[in-house]
Amino acid sequence: MSKTTLNQANLEKLGAEKLAALVMDLVQGSAALQRRARMELSAAQGPKEVAADI
């Protein structure tokens, strides 16, 4: 498998900082993707944060 194949294993190799920058670029201009990203952040904090977002 190529090192440039788009898959989870290869993306994990980019590291958190590069992936965060990529996510920020991808969600720009998309309210739905921004909502999804915020919900994931809330979910990492706990159910109360998710409920507050809803």
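Summarising the local packing, CD of Gln28 is surrounded by more than 12 heavy atoms from other residues, nucleotides or ligands at distances under 6.0 Å.
Thr5 and Asn10 get closest at one heavy-atom pair: O-ND2, 2.8 Å.
Met39 is listed as a side-chain neighbour of Ile54, based on a closest heavy-atom distance under 4.5 Å.
Criterion: ILVMFWY side-chain heavy atoms under 4.5 Å apart, direct or through other members. Under it, Leu33 and Val23 are part of a common hydrophobic cluster.
Atoms CZ and OG, on Arg35 and Ser30 in that order, are 8.0 Å from each other to the nearest 0.5 Å. Taken from CD in Glu12 to CG in Asn7, the straight-line distance is 9.0 Å, to the nearest 0.5 Å.
A donor-acceptor pair is defined here as one N or O able to donate and one able to accept, closer than 3.5 Å; such a pair exists between the side chain of Ser2 and the backbone of Thr4.
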